[in-house]
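Report on the following structure.
As the structure lists them, so they are numbered: ligands from 1, and atoms in each ligand from 1.
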Amino acid sequence: AAKAKGRDQFALFDPSLDDASRDRRIIEQQLREAIVREELVMHYQPVVSLATGALTGYEALVRWKHPERGLLHPNAFLDVAETSGLIVPLGEWITHCAMMDAARWPDNLRVAINLSPTQVKSPRLASAVSEAIEDSGIDPARVDFEITEHVILDGSEANQQTLIKLREMGTSISLDDFGTGYSSLSYLRKFPFDRIKIDRDFVTEVAESRSSQAIVTTITRLADALGMTTIAEGVERPEQLELLRRLGCTEAQGFLICEPLPAGRLSGAALDTSGLGEPEEGILDYRR
Ligand code: C2E
Ligand code: MG
Ligand code: MG
Ligand code: MG
């Protein structure tokens, strides 16, 4: 049977590889097939306005329905996708899928799509995005791309040019995981982001730690001064939500509001844009 599977499978048992490299090899091979076999699915997590409680959009988060290991989160495979280059075709599929789904939502809702450094570096990104916009018919003003500071810092001038191209198509660009990286602020001058996403690290402790409160306050003021808005990620408790609102944060997302859900389950309150109706089952009442 091993013989019938051909050369690629055989290479998985190369005795010169250590366990970790062998695992990566297996994941890479399976991921390559997963794209073809349509084992990847998108989940969407609601983002709400802290001023009104209204839904403003969703963040698209990829999942892999692994035939043996169940539903895998990106931390189990994105690393391999990134280093093997598979992130490029995978990212194109994600971008297309997310825009097709979002095109069916009420037209005041955004979709946020994460882009890794390798995706931004790919010369194909801009044309893939423009094709997805065309195929889905979505208003590009509803599309937001989330990148981390690494894209600006380890990238050449070319990365910034790519972001500018995406902007020129009418999309917006957000800075993800703010505050957890090199923590130099110089890159905030290099690219005019639309939004800053405050990392879950600060949100987790915001109700207990004065220093987290000070950091969140500083980020919201900095964003304000730069003409950007803020999104707090990973809100799990009502006290955190209330504090974030008081500290001037613009929007929030997190398990307290709603976990990421497949497109087919975004109905009822999860698609209710008024923010005033009764919360549906499974969605906690985060409004006061
Ligand atoms: P991220 O962009 O910072 O996404 C937020 C992560 O926090 C998601 O994990 C989400 O499920 C999780 N999360 C949301 N609310 C809460 C909460 O209240 N508590 C906790 N503990 N976690 C919460 P996920 O989906 O496992 O994604 C992990 C990372 O993988 C993302 O971090 C993003 O960097 C990357 N990623 C996810 N989807 C994609 C994608 O489609 N393309 C690319 N390039 N990267 C992706
Ligand atoms: Mg993100
Ligand atoms: Mg994030
Ligand atoms: Mg994160």
TODO: Would you indicate whether the side-chain heavy atoms of M42 and R63 approach each other to under 4.5 Å?
DONE: no
TODO: Would you mind telling me which of R24, R32, R25 makes a side-chain hydrogen bond (donor to acceptor under 3.5 Å, both in side chains) with E28?
DONE: R32
Open item on the list: Is E233 close enough to touch ligand 1? Criterion: a residue heavy atom under 4.0 Å from a ligand atom.
Closed with: yes
Open item on the list: Which atom name does E59 have for its N/O/S atom nearest to the Mg ion (ligand 2)?
Closed with: OE2
Open item on the list: Given 3.5 Å as the limit, does a donor-acceptor pair link the side chain of D176 with the main chain of E146, or not?
Closed with: no
Task: Side-chain cluster (under 4.5 Å, hydrophobic types only) that V41 belongs to, other residues - done: L71
Open item on the list: Taking only non-hydrogen atoms of G91, do any sit less than 4.0 angstrom from ligand 1?
Closed with: no
TODO: Check the surroundings of atom CD in E208: do more than 12 heavy atoms from other residues, nucleotides or ligands lie under 6.0 Å from it?
DONE: yes
Task: Close N or O approach (V62, ligand 1; < 3.5 Å) - done: yes
Open item on the list: Suppose you place the vertex at the Mg ion (ligand 3); what is the angle out to E233 OE2 and D176 OD1, to 10°?
Closed with: 120°
Task: Exam field: side chain S136 to backbone M100, donor-acceptor pair closer than 3.5 Å - done: no
Open item on the list: I'd like to check the side-chain hydrogen bond (donor to acceptor under 3.5 Å, both in side chains) partners of R110; sequence neighbours left out, ordered by chain and number.
Closed with: E251
TODO: Can you sort out which atoms of ligand 1 are near Q45, meaning under 4.0 Å from one of its heavy atoms?
DONE: 14 (C), 15 (N)
TODO: Classify the contact between L256 and ligand 1 as side chain, backbone, both or neither, using a heavy-atom distance cut-off of under 4.0 Å.
DONE: neither
- [ ] Would you check the N or O atoms of F255, main chain and side chain alike, for any that come under 3.5 Å of an N or O of ligand 1?
- [x] yes
Open item on the list: As an exercise, state the distance from CG of L40 to CG of L31, rounded to the nearest 0.5 Å.
Closed with: 6.5 Å
Task: ligand 1 contacted by E59 (non-hydrogen, < 4.0 Å) - done: yes
Task: Contact check: E146 to the Mg ion (ligand 2), N/O/S below 2.8 Å - done: yes
TODO: Show the numbers, then the answer: is there a side-chain hydrogen bond (donor to acceptor under 3.5 Å, both in side chains) between S21 and D18?
DONE: CA-CA 5 Å; S21 321; D18 59 26; 2.5 Å; yes
Task: Contact check, R63 vs ligand 1, heavy-atom distance below 4.0 Å - done: yes
Task: Structural part of Q119 in contact with ligand 1, heavy atom criterion under 4.0 angstrom - done: side chain
Open item on the list: Check R221 with D224, please: is the shortest side-chain N to carboxylate O separation under 4.0 Å?
Closed with: no
Open item on the list: Checking contacts here: is it the side chain or the backbone of D199 that comes within 4.0 Å of ligand 1, counting heavy atoms only? Could be both or neither.
Closed with: neither
Open item on the list: Is it the case that the side chain of R142 and the backbone of A102 share a donor-acceptor pair, with hydrogens and angles ignored and the cut-off at 3.5 Å?
Closed with: yes
Task: N75 to ligand 1, any heavy atom closer than 4.0 Å - done: no
Task: Contacting atoms of ligand 1, where contact means under 4.0 angstrom from a heavy atom of P260 - done: 11 (O)
Task: R200 N/O to ligand 1 N/O under 3.5 Å - done: yes
Open item on the list: I'd like to know: is the Mg ion (ligand 2) within the 2.8 Å range of an N/O/S atom from D177, strictly under that distance?
Closed with: no
Task: the Mg ion (ligand 2) to nearest N/O/S of N114 below 2.8 Å - done: yes
- [ ] Please check if any side-chain donor atom of S211 sits under 3.5 Å from a side-chain acceptor atom of S209, or the reverse.
- [x] yes
Open item on the list: If we set the cut-off at 4.0 Å for heavy atoms, which region of D176 has an atom near ligand 1: side chain, backbone, both, or neither?
Closed with: side chain
